[in-house]
Each structure stands twice: as C-alpha cells, then as structure tokens.
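Labels below follow one simple rule: chain letters A, B, ... track the order of the sequence lines, proteins then strands, and each chain is numbered from 1. Remember, predicted model here, so these are calculated numbers, not experimental data.
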2 protein chains.
Amino acid sequence: MSQHRHPGAPGRTGAVPAPPDLPEATVARLPEYLRALHQLADAGHETVSSEGLANAAGVNSAKLRKDLSHLGSYGTRGVGYDVGLLIDQIEFVLGLTQRRAVALVGVGNLGHALAGYDGFASRGFRIAALLDADPSRIGEEINGLVVRHVDELPRVAAEESISIGVIATPAPAAQAVADQLVAVGVTSILNFAPCVLSVPEGVDVRKVDLAIELQILSFHEHRKASLTALPATGGTLTPLPGGLAATDTQEAIGT
Amino acid sequence: MSQHRHPGAPGRTGAVPAPPDLPEATVARLPEYLRALHQLADAGHETVSSEGLANAAGVNSAKLRKDLSHLGSYGTRGVGYDVGLLIDQIEFVLGLTQRRAVALVGVGNLGHALAGYDGFASRGFRIAALLDADPSRIGEEINGLVVRHVDELPRVAAEESISIGVIATPAPAAQAVADQLVAVGVTSILNFAPCVLSVPEGVDVRKVDLAIELQILSFHEHRKASLTALPATGGTLTPLPGGLAATDTQEAIGT
DNA sequence: GCTTGTGAAACAATTCACAGCA
DNA sequence: TGCTGTGAATTGTTTCACAAGC
C-alpha cells in the first residue's frame with residue numbers, strides 16, 4: 001500500500017467491459033489464494049469449499065467468498081469451487097497467462113538473492129535481465145544470466161519486452177534507476193530501496209522495505225510488553241516521552 | 001495485513017494508560033515517517049511542516065497529521081514539527097529505544113542476503129543469531145556471525161534475548177521453525193516462506209512474499225493493457241475465461 | 001498568515017446472517 | 001442438507017474543510 005493511482009473507472013460504457021476492477025484489498029489477496037489452490041491441486045483435491053480454501057490461505061471464509069464473487073466466479077452451492085477452474089480464473093485476472101519478463105537492477109547483496117530466487121520462475125515470472133551500474137560487477141554470471149550495464153536498459157527492454165522492473169540498488173541510486181525504467185516504458189516497479197520514488201501518473205510502484213516490517217513487529221512487541229507489564233496498575237506511568245523510556249521494560253520473553 | 005490479533009483495548013481504566021493503541025494503518029506508516037525524518041535531520045532540518053514531511057514520506061499531509069495526532073504529538077501551529085523530537089517520539093512508540101535482537105532461521109539464498117543487509121543494523125535491529133537445519137551450513141561465517149544448528153535455538157534465545165524471529169527457510173520447513181520459535185518464547189515472526197503459518201494467539205506474524213508483490217503488479221499491468229487496448233470499443237470482448245486469454249494482448253511497452 | 005489538530009463526511013473493507021440453489 | 005453468493009450492518013480509513021493557536 002503506497003503509491004497507487006487509479007485511472008478512475010471508465011463510466012460504464014455499456015455491457016460490463018474488460019477487467020472487473022477489483023477492490024485493491026481483494027487484488028492483494030488473490031495471489032495468496034492462488035498459492036493455496038496450487039497446493040490443494042498438488043494434494044489431489046479437485047474441489048474445495050470456501051471454508052477449506054480460506055483455511056489454506058489464512059483468511060476467513062466470508063472474506064474469501066466476497067473476494068471470489070468479485071471475479072464473477074462460479075462455485076457450486078452445496079459443493080464448493082472447482083480447483084482447476086479457479087486457478088485458471090485467478091491466473092487470468094492477475095495477468096499471468098503470459099510469463100512476464102522482469103528486469104532486475106542492482107546486483108548487490110539483496111539483488112543477488114533475488115536473482116537466484118526460484119519463487120519467481122515458479123510463479124509466472126522470468127528474470128530476463130540483470131543490470132548494475134558498478135563496472136566491477138558487469139559480466140558476472142548469476143544463475144545463467146550475465147550482468148549487464150544499466151545503460152543497456154533501452155536495448156534490453158526492447159529485446160526482452162520487459163514488463164516489470166525491480167530495483168534493488170542502494171537508496172541514493174533508486175530514483176535515477178526508476179527514471180530510466182520509466183523512460184524505456186516500464187510501468188510497473190517493485191522497489192526494495194528504502195526511499196520514496198516519484199514516478200509519472202500511470203506507473204505503479206510497490207515498495208518492500210524489510211526494515212519496516214521489523215519495525216512494525218517491534219511496535220506490537222513493545223505494546224504486548226507494556227500491557228503485561230502492568231497487570232492492573234491504573235496510573236503511575238507516563239509512557240509517552242518527554243522523559244523517554246521511563247518504563248520501557250525489557251520485554252519478557254516467555255510467559 | 002494478515003495474521004494479527006489484538007488483545008482488545010483495556011476499557012479506559014482512568015488516566016490514559018500505556019501505548020496509545022494506534023490504528024494499524026497508522027502503525028504501518030510510522031516507520032516510513034521515521035525514515036523520512038532521519039533523512040531530513042541529516043540534511044540539517046530542525047523543523048518540518050506536515051506538508052514537507054508528507055512529501056518526503058510519500059503520503060498526503062492530512063493523513064500524516066491525523067497519524068501524528070494519534071501519537072498525541074505536539075507540533076507547533078504556524079511552524080511545524082520539531083524533527084528531533086518527532087524522531088524520539090516515533091522511535092519510542094515503535095519500541096526502538098532498545099536495540100532488538102533478531103534470530104534469522106534459514107541461511108539459503110535469501111537468508112544470506114538478509115544476514116548481510118545493513119538496513120537492519122542501521123534501523124534499530126541486531127541480527128543476533130543465524131540458524132539452519134542443514135548440517136553442511138553449520139559453522140559457516142557470514143558477516144561475522146557463525147551459523148548454528150536450529151536445535152540450539154533454546155540456548156540462543158536465552159543468551160541473546162531474542163525479540164523477533166525471521167524465517168527464511170523453504171516453505172515446507174517454515175511451520176516447524178515457527179513452532180520452535182514460539183516454543184522458546186518468541187512472539188513476533190517475520191515470515192519469508194510462501195506459506196501460511198499457524199501460531200497461538202498473542203503471536204504476531206507478518207509475511208513478506210516477493211512473488212506476491214510481482215503478481216499484484218502483474219494485475220495492474222494487465223489491467224492497464226486491457227484499458228488501452230480498447231480505445232472506445234463498447235462490446236465484442238469476453239475478457240473473463242471460459243475461453244481463456246481471448247484478448248490477452250501483449251501489453252504495449254511504451255506508449 | 002501560516003500550519004496544526006480534529007470533527008464531520010465520504011469512502012473502503014470486513015463481517016454478519018440468510019436467501020437461494022444444487 | 002450444505003455451501004455459495006450477497007444485501008445490510010459494521011467497522012476502519014481517508015479526505016475535507018475549518019476553527020484554534022502560534
């Protein structure tokens with residue numbers, strides 16, 4: 001959730017047209033359903049109830065049904081959903097019927113790991129190019145792909161029909177890379193650099209920041225600790241700063 | 001968004017007690033504000049307006065002000081927020097006044113990268129232990145830390161006061177690792193394995209799935225393509241399956 | 001005059017609960 | 001009888017717009 005602009009639904013021109021314009025929250029869950037469905041399919045299930053799929057995906061069944069209803073999906077009352085059919089539908093909606101080519105820029109620590117991550121290949125993506133600005137990295141081969149200089153991006157984008165750009169550079173380089181990606185026509189960017197990118201209307205950016213995830217957990221950890229720290233003590237504490245960390249107990253691990 | 005259970009606000013016992021119980025959406029944004037604030041501080045700003053900070057953090061200013069108001073934060077009308085003070089407040093709320101110890105389980109491709117990621121150290125965390133189940137990895141040194149066997153978790157957790165567990169194992173191993181983490185008292189888990197973890201009440205799990213992020217981008221890419229593909233054609237297309245991919249045009253890169 | 005803090009309005013997402021169908 | 005699909009109720013989030021304060 002962050003930089004997303006939606007072109008505004010085209011005012012109902014007649015018969016329901018192209019993609020059903022799903023709620024963003026639903027879109028974010030479809031991939032998880034898809035994963036769960038593949039798992040079920042591998043286990044030999046041909047059909048699954050909303051309850052069963054919801055469990056496998058870690059959501060509740062009402063939400064799942066509402067999500068699927070947005071796809072206009074057809075389950076069978078009294079029976080459930082056809083696993084194979086649902087997989088096809090979700091893959092279609094997510095635009096995964098074609099294998100998308102991804103360009104990864106920044107082959108440092110994290111970039112290296114991403115370049116070698118099988119999860120991409122197995123879930124509809126093809127890392128089509130590795131790029132970096134550091135001359136000492138050019139030519140290195142990772143997982144069968146040779147690292148090329150980021151200036152070759154225009155050529156690479158054209159040759160490989162790059163659909164999505166992934167930025168795994170240090171923060172100071174990220175905006176320039178984003179600009180270059182946009183310049184060659186990339187309209188979807190996944191950004192691992194801890195910074196805000198500014199991009200023109202119509203370009204989608206998603207951000208993954210590993211430290212942020214930890215900080216969110218830290219908040220909950222902190223909160224749980226403060227709650228158990230005061231069994232029923234009504235007053236006494238001034239937990240917001242001024243005098244920082246007055247009662248910042250060391251969060252008991254265990255009970 | 002996913003597996004989170006909240007103990008339910010303790011019904012106002014008297015004076016406002018411990019942590020202000022922020023909306024989850026706000027919590028998720030605080031780390032971003034914090035990053036932006038540090039950036040501003042480094043650039044020499046002592047004070048910043050909601051507008052300025054909002055820009056740096058990539059949100060709009062009304063949202064930012066509402067978020068900060070939940071902290072009970074004190075800006076100065078007509079002036080803005082004191083950068084240093086706000087940093088302290090947010091760090092306090094996020095529980096970052098103590099440096100938290102993180103145990104990383106799974107030192108494969110991704111785990112390696114995480115072990116070497118500076119972003120953790122620089123933002124309040126300390127990777128205190130690297131663990132793996134694969135005997136051939138035990139003893140390897142990464143970034144000054146020796147990989148230990150996951151069975152040593154109980155000892156490690158006690159020695160290092162582990163606050164957060166990070167799972168970077170393959171999916172099939174993840175649940176077992178989660179169970180072990182929970183058993184030694186870890187109540188916050190960051191899961192990189194593409195699967196749903198089941199954990200007892202009171203344990204927070206956040207999931208990062210790199211392929212899912214790409215799939216969400218793929219959806220938008222697909223959607224943008226279908227929109228531009230029909231300049232104003234009212235009918236003709238049956239974009240939902242049955243006959244899959246009927247009009248799944250190759251998404252024009254560029255204009 | 002400029003900027004915060006915040007009620008009130010608008011919007012979005014989730015959950016409930018049940019009618020409708022196989 | 002069992003399970004989906006969905007209106008209606010609820011809860012949560014964002015945005016607006018302006019009064020209050022420096």
Side-chain angles (χ1 to χ4, degrees), chain A residues 1-6 8-9 16 20-30 32-33 37 40 45-83 85-86 89-90 216 240, chain B residues 1-9 11 16 20-30 32-33 37 40 45-83 85-86 89-90 216 240:
Chain A
M1 86 210 36
S2 55
Q3 313 179 21
H4 275 278
R5 208 41 46 206
H6 294 293
V16 261
D21 224 345
L22 311 171
E24 197 51 38
T26 296
V27 173
R29 282 187 296 262
L30 289 180
E32 189 66 50
Y33 300 159
L37 283 163
L40 287 164
H45 293 74
E46 307 219 311
T47 179
V48 65
S49 68
S50 64
E51 188 67 30
L53 181 51
N55 281 343
V59 301
N60 79 40
S61 62
K63 183 143 65 181
L64 178 110
R65 287 202 301 280
K66 175 95 18 156
D67 282 341
L68 294 186
S69 80
H70 287 121
L71 307 188
S73 163
Y74 287 6
T76 316
R77 292 170 202 238
V79 179
Y81 300 92
D82 180 293
V83 172
L85 192 78
L86 202 45
Q89 282 210 49
I90 295 180
I216 297 172
L240 269 187
Chain B
M1 89 210 29
S2 56
Q3 312 177 23
H4 275 275
R5 209 40 46 207
H6 295 291
V16 261
D21 224 345
L22 310 172
E24 197 52 36
T26 296
V27 173
R29 282 186 297 261
L30 289 180
E32 190 66 50
Y33 300 158
L37 283 163
L40 288 164
H45 294 71
E46 306 219 313
T47 178
V48 65
S49 68
S50 65
E51 188 67 30
L53 181 52
N55 281 343
V59 301
N60 77 40
S61 61
K63 183 145 64 183
L64 178 111
R65 286 201 301 280
K66 175 83 53 161
D67 282 341
L68 294 187
S69 81
H70 287 121
L71 308 189
S73 162
Y74 287 5
T76 316
R77 292 172 202 234
V79 178
Y81 300 91
D82 180 294
V83 172
L85 193 78
L86 201 46
Q89 282 209 50
I90 295 180
I216 295 171
L240 269 185

* For the helix from C:dG1-D:dC22 to C:dA22-D:dT1, measure the angle between the helix axis at one end and the axis at the other, each built from five pairs, rounding to 10°. =>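 Axis angle across the helix from C:dG1-D:dC22 to C:dA22-D:dT1, nearest 10°: 10°.
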Let's see if you can work this out: which of [options] has an atom nearest to the side-chain heavy atoms of [X]?
| X | options | result |
| --- | --- | --- |
| B:Ser69 | D:dT13, D:dG5, C:dT6 | C:dT6 |
| A:Lys66 | D:dC16, C:dT4, D:dG7 | D:dG7 |
| B:Lys63 | C:dC21, D:dT14, C:dT14 | D:dT14 |

Just N and O in the side chain of [X]: are any of them under 4.0 Å from OP1 or OP2 of [N]?
| X | N | value |
| --- | --- | --- |
| A:Tyr81 | C:dA22 | no |
| A:Asn60 | C:dT15 | yes |
| B:Ser50 | C:dT4 | yes |
| A:Arg65 | C:dC16 | no |

* To do: Figure out the CG/C1' separation between A:Leu53 and D:dG2, and round it to whole Å.
  =>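 Nearest whole value for this atom pair: 17 Å.
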* To do: Using only heavy-atom distances, decide whether a donor-acceptor pair under 3.5 angstrom links the side-chain of B:Arg77 to the base of C:dT3.
  =>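 For B:Arg77, whose side chain was compared with the base of C:dT3, there is no donor-acceptor pair (under 3.5 Å).
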* Asked: CG of A:Leu68 to OG of A:Ser61: how many Å apart, nearest 0.5 Å?
  ->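 One finds 11.0 Å between CG of A:Leu68 and OG of A:Ser61.
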* **Side chain to side chain, A:Leu22 and A:Leu30, heavy atoms closer than 4.5 Å** =>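 Of all side-chain heavy-atom pairs linking A:Leu30 with A:Leu22, at least one is under 4.5 Å.
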* Give a yes or no on whether the backbone of B:Tyr81 and the side-chain of B:Thr47 come within a donor-acceptor separation of less than 3.5 Å. =>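 At least one qualifying donor-acceptor pair exists.
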* Relative to the 5' end of DNA chain C, which residue comes earlier, A:Gly78 or B:Leu68, by the nucleotide with the nearest heavy atom? ->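 Taking each residue's closest nucleotide, the earlier one in sequence belongs to B:Leu68.
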